[in-house]
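Below, read A as the first sequence line, B as the second, and so on, with proteins coming before strands; counting in each chain starts at 1.
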Amino acid sequence: MSPVQVQGEVLSIRRVGDYHAMTVVAPGIADGARPGHFIAVGIGGPDSAMVLRRAFALVEAQDRGVYGGTVEFVFAVRGRGTAWLAERRPHDPLDVVGPLGRPFQLPKNPVHAVVVGGGYGAAPLLALAEQLRSRGCRVDAVLGASTGERLFGALEAKRMTTAMAITTDDGSVGEQGRVTDVLPEMIERGADLVYACGPMPMLQAVAELAAAYGIPAQVAVEETMACGIGVCMTCVLPVRGTDGVTRMVRSCVEGPVFHADQVRFDAIGTVPADALGAPVVTA
Amino acid sequence: MSPVQVQGEVLSIRRVGDYHAMTVVAPGIADGARPGHFIAVGIGGPDSAMVLRRAFALVEAQDRGVYGGTVEFVFAVRGRGTAWLAERRPHDPLDVVGPLGRPFQLPKNPVHAVVVGGGYGAAPLLALAEQLRSRGCRVDAVLGASTGERLFGALEAKRMTTAMAITTDDGSVGEQGRVTDVLPEMIERGADLVYACGPMPMLQAVAELAAAYGIPAQVAVEETMACGIGVCMTCVLPVRGTDGVTRMVRSCVEGPVFHADQVRFDAIGTVPADALGAPVVTA
Amino acid sequence: MTDVALVAAPGHDDAALGVDPTTVLAGVAYANPVFTASGCAAAGQELAQFFDPSLLGGVVTKSIMLKPRSGRATPRMAETPSGMLNSIGLQGPGIDAFLERDLPWLAERGIPAVVSIAGETAEDYVKLATKVRGRKGLTMLEVNISCPNVESRGQVFACDPAAAAAVIAGVRRASSVPVFAKLSPDVTSIVDVAQAVVEAGAHGLSMINTTLGVDINTDTLRPTLANVTGGLSGPAVRPIALRCIWQVHAAMPEVPILGMGGIRSGLDALQFLAAGASAVSVGTAVFGDPHAPLRVLEELRSALAHRGFSSAAEVVGIAHRPVDARVPEGADPPGDLPAETLET
Amino acid sequence: MTDVALVAAPGHDDAALGVDPTTVLAGVAYANPVFTASGCAAAGQELAQFFDPSLLGGVVTKSIMLKPRSGRATPRMAETPSGMLNSIGLQGPGIDAFLERDLPWLAERGIPAVVSIAGETAEDYVKLATKVRGRKGLTMLEVNISCPNVESRGQVFACDPAAAAAVIAGVRRASSVPVFAKLSPDVTSIVDVAQAVVEAGAHGLSMINTTLGVDINTDTLRPTLANVTGGLSGPAVRPIALRCIWQVHAAMPEVPILGMGGIRSGLDALQFLAAGASAVSVGTAVFGDPHAPLRVLEELRSALAHRGFSSAAEVVGIAHRPVDARVPEGADPPGDLPAETLET
Ligand SMILES: Cc1cc2nc3c(=O)[nH]c(=O)nc-3n(C[C@H](O)[C@H](O)[C@H](O)COP(=O)(O)OP(=O)(O)OC[C@H]3O[C@@H](n4cnc5c(N)ncnc54)[C@H](O)[C@@H]3O)c2cc1C
Ligand SMILES: Cc1cc2nc3c(=O)[nH]c(=O)nc-3n(C[C@H](O)[C@H](O)[C@H](O)COP(=O)(O)OP(=O)(O)OC[C@H]3O[C@@H](n4cnc5c(N)ncnc54)[C@H](O)[C@@H]3O)c2cc1C
Ligand SMILES: Cc1cc2nc3c(=O)[nH]c(=O)nc-3n(C[C@H](O)[C@H](O)[C@H](O)COP(=O)(O)O)c2cc1C
Ligand SMILES: Cc1cc2nc3c(=O)[nH]c(=O)nc-3n(C[C@H](O)[C@H](O)[C@H](O)COP(=O)(O)O)c2cc1C
Ligand code: FES
Ligand code: FES
């Protein structure tokens, strides 16, 4: 599976709470796309002052159908690029590169998994849950957000999970609190492994919980990216390899999904002194 | 009359030969707009890499009506900015500043005038011809272009003039040749003055002919502009003042219409040695 | 139908009313920190068609020379990605006409004038400063030293710390108002030049002037500008301007800075203040939006209010201080940080 | 519905087939003048997912140092108007891993490699050149001297003509292939640095490396980059790059130049050739469009064909010559000049 660049076309865009869900006709991307893959979208056309792509997790990718291949993603308006994206309308052209990155690894056996999503971090977990189920896994879910408007995928998740918990910071939906307040209970129902996607502090907390329970976790991280295809080295984070050596690895090609116990959460945003090639003395 | 800046809205855009004619709802601009005035249009929105406006002669400006004030202009796609403009569709927003510059001066008496337009240079001459007629002037016209597709306003001009001649470089419409091939004949019908708008070499040739016949001419020039409002000094050309002194004057505020005999056509693109403040020795 | 609206003074944001926008540059207080930029607003008259320039901190006038000056041949400008090149060549009417016509216009309207002067020799600058001295409306001199020094084979003053210092020392002696040296980014060490002019008596620094560029016309395959090179300005140079201001403020935090280079929005202006500028000039943005300086001011006030600041002054240089050392009283930290990064 | 299309190798323009795209850099012939830029294509493997890198003139590899290097803390990049800042800090596996893994990958595929080297001392560079010497696939060395010289208080080599010359002299002695010095625009006189390195033995020059910039995060009011400053690249810097190339080519027309800085289209590349570059590197544009280098090549060939040129070589430096002195045979002067400006 190799990524492709497609001059696609917006099929639909709709509001989902505080988010926007967009479906784009972009044939070729779906081939080989798996849960956890992401796409990178060109912003503003050739005369735009924004020269970099924006990365979004795939919610779904269909490689055939009436429209001959579509991708769906959900996004929050954060800066100018996502503001531009929110103004796109059906039939507008959209340049998409994907599928990118390394997807979630699926267990070989029909285990019991918990998926944990924070905000739009639930995006890649829906397709993941579906695939886990189709392999005979039991899937439970914990979704959290600051407010109900920033919950994503709760209905879909409910349909495909055995148990589900929702938390919001303001208590507007589900329990007031954070995903990690309810995750122990979920794990204690017999979970064998955890999948998580969301803000870095959440991933760190989930990783610590999974470690405390002695079960493996996979986390999909979000680092600022310039290229998304592995050539620029902007998207790195400290990850401990199987050889015990910490390296600054590219989250766009070696991630965004990592084994939680390998990510040096404590050192995110720094180059830990024991990383290969550290410390930085010069340019 | 002071220019205003309006967040307008595209009402219509249509092809006219090789050109595009656009009407924009932009209330306030029409107040005080007169033939020869121009507008400056913002390109690409706030995230565009194109930071400067584009200048276009007003074809027409209506200060009331169903849409509460519209402006019309016609344009050729030249570079990226006009290419962007050609892609606008009804209801798209458009930022317009106008009316700008000094318009054509109208004669006090019902004289006999010839208007001479090259390509889209005919744009400001249609409204001018109408105003001249309403003042009892006889108006003749000469329109020229490289090809018939680049003639503008021939039908309208025909309606409001007594005599009209058309020339094209390729002979596809009218006579093969240049406007100055037929202008002498037009002038000899008894013209008292000439108005011209078009490419600089055409204006120069028209100015020379008018001088040879001893009649005044007004020309609307086109110089590269950054601001259009008189603050940047990019749009200058050498103009001899009534005091005999040549100055580099701003065509956006002291033009675009000039008395032909004051423009130093021979020295366009240079700073003539006898200009005030010349020669340039340093930064 | 989308809304069609006349662009006038931007709507006031109520929260912004609580922000004290005043700023002080070398002892002179201005009503707010947003100025025009030299050469991008002439002497204010033309912009007055769009908004009242007395609402700004002040108007920085086009650099004026001793004699009338025709400027360079056309084309004098080229648009480039998020910027433009210009090679105007300091066209202007000369100091006498300026003092007779332009400065009084500003003075009569109570618009604080920052007069920019430019010369071909160090002596020119002194003469200019002397002529302007004591004129009504004058609040500050901005010394444009990005000019070729005819006495030194056309080497630009701003690129030679000694020549720059000589100009400033002379102007300083002749001036009764604060003297700001306007620096060029086209040097190996802007801190060296800054130090030289401050030692020579500059009260403050204006940064940055344009950076040298070339554009080639892809039809004629000749330089687009008649003069071949021109000065690059606009949003494209903003990171360069911020870097210069950052470096100089880090080295000399006590020296006031008037910052410019690519400012198009209130958030851009906020970046300049945070990097160390006490006030800003809005230049090229005016060409795309004649209301730009006033809009930038209003956007800046709103941005300050929404970040919990009660004055513009308190953010000057704030980016040099660690976050935990400076949360303002009553602030909503961390400002507009997307809730997403905080949740669960 | 608009057309939805898979972006693959851009369609060939028949007219472009008549253009000879070969270029020669210091005696080495390349199939065409479009290369990747150091640090913007790793060592070519990743781009091979999108197009065949052997279709390019060559691949310029990410600057490699003697030892593995972790690079700087994140955030390492900020998008800016028509550009971006980066502070990667030369993260890389070190020369040994590079020679074992990356260079052979290029060599096996017949992709001409331009190996970029970077060091902390002049001695580092010599060691690197010695290690690379004679390796299969190596066609040229690009010496990235925009690195702090640890022996001179971190002053960047490229900002000090003497230090730059010392590096180049050492590399020149150790190298069996042409040596190109990659210059920084952040100097008062790039011609002085260019002359120093050419006198020290550089066969050619790469211009430009990024220019130093800062961005302030308007939420945290701290620098966006963990490292505070970063290198500005992308279309925003194109006029600066063209200016550097223009000045150096005017001063030393016989020295070959590999040009880069903001190239995003074939017409951009044409500007670089016309200003004096014999070949170009496409850098930041790759991040926005992974096909960019190949697209630029195809667009350049079409642009040359439509202007009546039969080779890329004949436009190198053409912008320095008056128009009437150089209309190529069989050309359609003046190219794409809008008919409007010619009519009546
Ligand atoms: C693998 C991955 C998957 C993602 N999936 C989603 C998703 O499903 N839904 C969603 O809403 N967002 C997602 N994001 C975050 C999304 O990419 C950013 O919100 C978006 O790039 C911000 O662009 P902007 O122009 O609005 O913001 P700006 O701040 O203006 O962006 C400026 C630059 O920084 C980069 N940037 C800024 N923030 C981020 C960030 N958090 N991650 C990566 N690059 C960033 C942008 O690409 C751009 O180049 C994902 C990010 C990654 C890395
Ligand atoms: C007073 C006046 C009236 C005009 N009226 C018309 C008209 O009615 N119809 C029409 O088609 N064109 C008219 N033009 C020319 C029109 O402004 C240019 O064709 C247009 O700006 C080109 O923009 P672009 O982005 O396509 O080209 P680019 O070459 O990409 O433009 C780059 C920059 O140069 C400036 N520029 C380039 N060419 C010109 C030019 N000839 N005049 C002024 N600025 C230029 C642009 O404003 C822009 O800032 C007029 C120009 C002036 C000065
Ligand atoms: C057309 C033009 C003319 C300028 N003239 C002057 C000038 O006369 N004196 C001066 O000090 N700076 C001059 N500048 C530089 C600006 O004052 C400002 O320093 C620079 O453009 C960066 O700011 P900006 O990006 O906001 O324009 C000029 C800039 C432009 C674009
Ligand atoms: C992310 C990034 C990394 C870079 N790394 C290097 C490098 O390792 N060595 C080098 O000589 N230049 C490096 N550069 C500079 C580019 O090679 C190029 O000179 C510069 O970016 C201008 O070209 P561009 O605008 O096409 O990117 C890097 C640029 C970027 C954006
Ligand atoms: S984003 Fe460029 S290497 Fe990951
Ligand atoms: S275009 Fe700026 S002064 Fe005329």
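The contact list for residues 224-246 of chain A toward chain D, using heavy atoms and a distance under 4.5 Å, reads A:T224, A:M225, A:A226, A:C227, A:I229, A:G230, A:V231, A:C232, A:M233, A:T234, A:V236 by residue number.
In this structure, A:P46 and D:R264 approach most closely via the heavy-atom pair O-NH2, 3.4 Å. Between D:S82 and A:S48, the closest heavy-atom pair is OG-O, 4.4 Å.
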Inset, instruction - Assess whether side chain to side chain contact (heavy atoms under 4.5 Å, CB included) is satisfied between D:M77 and A:L52, documenting all intermediate values. - result: CA-CA 11 Å; D:M77 83 96 180; A:L52 303 174; 3.6 Å; yes

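Contacts of A:V97 with chain D are made by side-chain atoms alone, with heavy-atom separations under 4.5 Å and no backbone atom involved. Neither the backbone nor the side chain of D:T36 comes within less than 4.5 Å of any heavy atom of chain A. A:P90 does not touch chain D: none of its heavy atoms, backbone or side chain, sits under 4.5 Å away. Proximity to chain A is limited to the side chain of D:P235, based on heavy atoms less than 4.5 angstrom apart.
A salt bridge is absent between D:E79 and A:R53: the closest approach of a Lys/Arg side-chain nitrogen to an acidic carboxylate oxygen does not fall below 4.0 angstrom. Salt bridge D:R76/A:E223: absent, no basic N to carboxylate O contact under 4.0 Å.
Contact annotation: the side chain of D:F50 approaches that of A:P3 to within less than 4.5 Å [non-hydrogen atoms, C-beta and beyond]. Side-chain contact between A:R250 and D:Q91: absent, with no pair of heavy atoms (C-beta onward) separated by less than 4.5 Å.
Separating the NZ atom in D:K67 from the CG atom in A:L276 is a distance of 11.5 Å, to the nearest 0.5 Å. In this structure, CD1 on D:I88 lies 10.5 Å from CE on A:M248, to the nearest 0.5 angstrom. The CE atom of D:M84 sits 15.5 Å away from atom CE of A:M50, with the distance rounded to the nearest 0.5 Å.
Of the listed residues D:A226, D:G154, D:C40, the one with more heavy-atom pairs under 4.5 angstrom with chain A than any other is D:C40.
The local environment of CZ in A:R34 is sparse, with at most 12 non-hydrogen atoms from other residues, nucleotides or ligands closer than 6.0 Å.
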